[in-house]
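Reviewing the structure listed below.
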Amino acid sequence: MKQEVSLSSEQEQPENRQPLKRTASSRREKDLYQPYETPTLIYEILRALAVLLLAVIARMRPRGRHHIPRQGPYIVASNHLAWTDIPLIPIYLPQKVVYMAKEEVFQGRLRWLARFLGAFPVRRGEGDRQALRAAETVLKAGRVLVIFPEGTRSRSRTLARAHAGLGMIALRTGVPVLPVAIWGSEDLFKKFRPEIHIVYGEPLLFKPQGPKITREEIEEATERVMRSIAALLPASYRGVYADVLPRLGEEQGGQGKASELVSGE
């Protein structure tokens with residue numbers, strides 16, 4: 001029996017979970033969920049400087065750029081290996097982006113940078129309705145939302161199980177999800193001119209089957225995005241989604257789509 005998820009239901013906060021620190025006024029806290037939009041001129045200058053810097057310190061290997069939607073709204077869902085993924089993921093996107101970032105980022109010394117980059121916080125491991133509303137507002141405004149579904153950087157350098165918030169947002173908004181795989185970013189500033197691969201997969205669309213979104217639909221949507229990301233990665237990075245190729249082959253009727261995703265053709 002499918003379990004329905006009420007779109008207006010409250011979800012309890014785990015007792016051992018510390019909420020976002022309320023060290024400022026309620027107005028200031030509310031503003032955290034209203035992402036700052038970097039002026040276009042400054043954003044483009046920073047992007048150009050980043051491209052020039054990367055040309056010197058790394059060997060960039062982007063693929064699948066023809067899959068990038070020409071305009072928003074859409075969601076970018078990527079694996080997460082290092083802090084350098086944050087500026088690297090959108091570097092080839094034609095639009096400015098907004099990040100959904102873990103709340104701990106807004107409690108540290110670099111919280112100003114998170115705000116400047118256009119991020120808003122999310123409490124991981126629970127139903128953060130305020131973050132969900134912020135994500136929907138961003139997408140309704142026609143913007144691009146970047147999500148790292150694993151919730152944090154992978155210590156093992158392989159894919160970990162994703163949080164279901166991605167599936168919920170995709171189903172509630174109906175916007176395309178662009179799966180992105182990145183590797184080599186963990187070696188940036190550690191090795192001399194490392195190869196960094198960024199592969200953009202074919203966008204995915206998700207629609208609820210009924211008037212209410214079910215928990216099964218959320219989990220299925222999240223799982224499908226993660227399997228698509230895994231298919232873009234080398235086998236050694238796939239982690240808990242290591243069986244992605246056989247499963248994708250079954251879903252696509254043996255048409256060989258999984259191998260096409262891996263090659264980026």
Side-chain angles (χ1 to χ4, degrees), residues 38 42-68 75-102 104-105 108-110 113-114 116-119 144-162 177-202 225-242 244-245 258-265:
T38 308
I42 295 177
Y43 186 87
E44 292 302 331
I45 290 174
L46 291 175
R47 186 211 296 270
L49 291 174
V51 170
L52 288 173
L53 176 62
L54 286 170
V56 175
I57 65 174
R59 290 169 290 167
M60 300 300 297
R61 300 289 186 263
R63 286 185 289 164
R65 293 172 67 179
H66 58 284
H67 287 140
I68 299 174
I75 298 168
V76 175
S78 174
N79 64 310
H80 197 9
L81 298 174
W83 69 267
T84 50
D85 298 336
I86 297 170
L88 287 173
I89 291 298
I91 200 166
Y92 297 109
L93 303 182
Q95 309 91 350
K96 289 187 287 186
V97 304
V98 175
Y99 296 90
M100 178 180 279
K102 60 184 180 181
E104 291 85 352
V105 172
R109 296 178 180 178
L110 295 179
L113 182 58
F116 180 76
L117 290 174
V144 178
L145 177 65
V146 176
I147 298 177
F148 296 104
E150 297 163 280
T152 189
R153 288 173 288 172
S154 172
R155 302 297 182 185
S156 66
R157 301 291 189 252
T158 60
L159 279 175
R161 189 65 59 186
V177 179
L178 180 70
V180 179
I182 185 169
W183 68 95
S185 56
E186 69 272 26
D187 295 325
L188 190 61
F189 303 117
K190 295 179 181 179
K191 295 183 179 180
F192 177 72
R193 301 204 71 218
E195 278 196 1
I196 299 176
H197 298 262
I198 306 178
V199 186
Y200 302 93
E202 187 173 352
V225 173
M226 294 307 293
R227 292 202 301 267
S228 295
I229 294 172
L232 299 170
L233 287 164
S236 60
Y237 285 88
R238 292 177 190 153
V240 299
Y241 300 94
V244 62
L245 293 182
S259 60
E260 292 176 16
L261 283 170
V262 173
S263 66
E265 297 296 333

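- Distance check, rounded to the nearest 0.5 Å: CG of Leu93 to CZ of Arg65 gives 9.0 Å.
- Closest approach of Glu186 to Ala82, counting heavy atoms only: CA-CB, 3.9 Å.
- The distance from the CD1 atom of Ile86 to the CZ atom of Arg153 is 7.5 Å, given to the nearest 0.5 Å.
- By the 4.5 Å heavy-atom criterion applied to side chains, Thr38 and Leu117 are not counted as neighbours.
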**Request:** Quick one: do Ile198 and Leu88 satisfy side chain to side chain contact (heavy atoms under 4.5 Å, CB included)? Show the steps, please.
**Result:** CA-CA 8 Å; Ile198 306 178; Leu88 287 173; 4.3 Å; yes
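- With Thr84 contributing its side chain and Ser185 its backbone, the two residues share a donor-acceptor pair below 3.5 Å.
- Considering every non-hydrogen atom in both Pro194 and Ile57, the closest pair reads CD-O, 3.4 Å.
- Between the side chain of Glu150 and the backbone N or O of His80 there is at least one donor-acceptor pair closer than 3.5 Å.
- When the ring-ring contact (aromatic ring centres under 6.0 Å, His included) test is applied to Tyr200, no partner is found at least two apart in sequence or on another chain.
- Remark: the backbone N or O of Tyr237 is not paired with any side-chain donor or acceptor of Arg157 at under 3.5 angstrom.
- Here salt bridge (charged side-chain N to carboxylate O under 4.0 Å, His left out) pairs that include residues 83-96, with residues two or more places apart or in two chains, are Glu37-Lys96.
- Residues Glu202 and His67 come closest through the heavy atom pair N-ND1, 3.6 Å.
- Under the 4.5 Å side-chain criterion, counting only non-hydrogen atoms from C-beta, Val51 is not in contact with Met60.
- Here the CG atom belonging to Leu53 is positioned 12.0 Å from the CG atom belonging to Leu46, to the nearest 0.5 angstrom.
- Proximity of Tyr99 to Pro90: side-chain heavy atoms (C-beta onward) are separated by under 4.5 Å at one or more points.
- Every residue two or more places apart in sequence or in another chain that forms a salt bridge (Lys or Arg N to Asp or Glu O under 4.0 Å) with Arg47 is listed here: Glu44.
- Side-chain N or O atoms of Arg63 include none that pairs as donor or acceptor with a backbone N or O of Val199 at under 3.5 Å.
- Using a 4.5 Å heavy-atom cutoff, the side chains of Ile42 and Phe116 are in contact.
- Residues Pro94 and Ile68 meet the side-chain proximity criterion, which asks for heavy atoms closer than 4.5 Å.
- Annotation for Pro179 and Val177: closest pair CD-O, 3.2 Å, computed over non-hydrogen atoms.
- Closest heavy-atom contact between Asn79 and Ala181: OD1-CA, 3.3 Å.
- Looking at Ile91 and Leu54, their side chains come closer than 4.5 Å, going by heavy atoms from C-beta outward.
- Side-chain atoms of Ile182 and Ser78, non-hydrogen and from C-beta on, do get closer than 4.5 Å to each other.
- Between Tyr241 and Ile229, the closest side-chain pair of non-hydrogen atoms is not below 4.5 Å.
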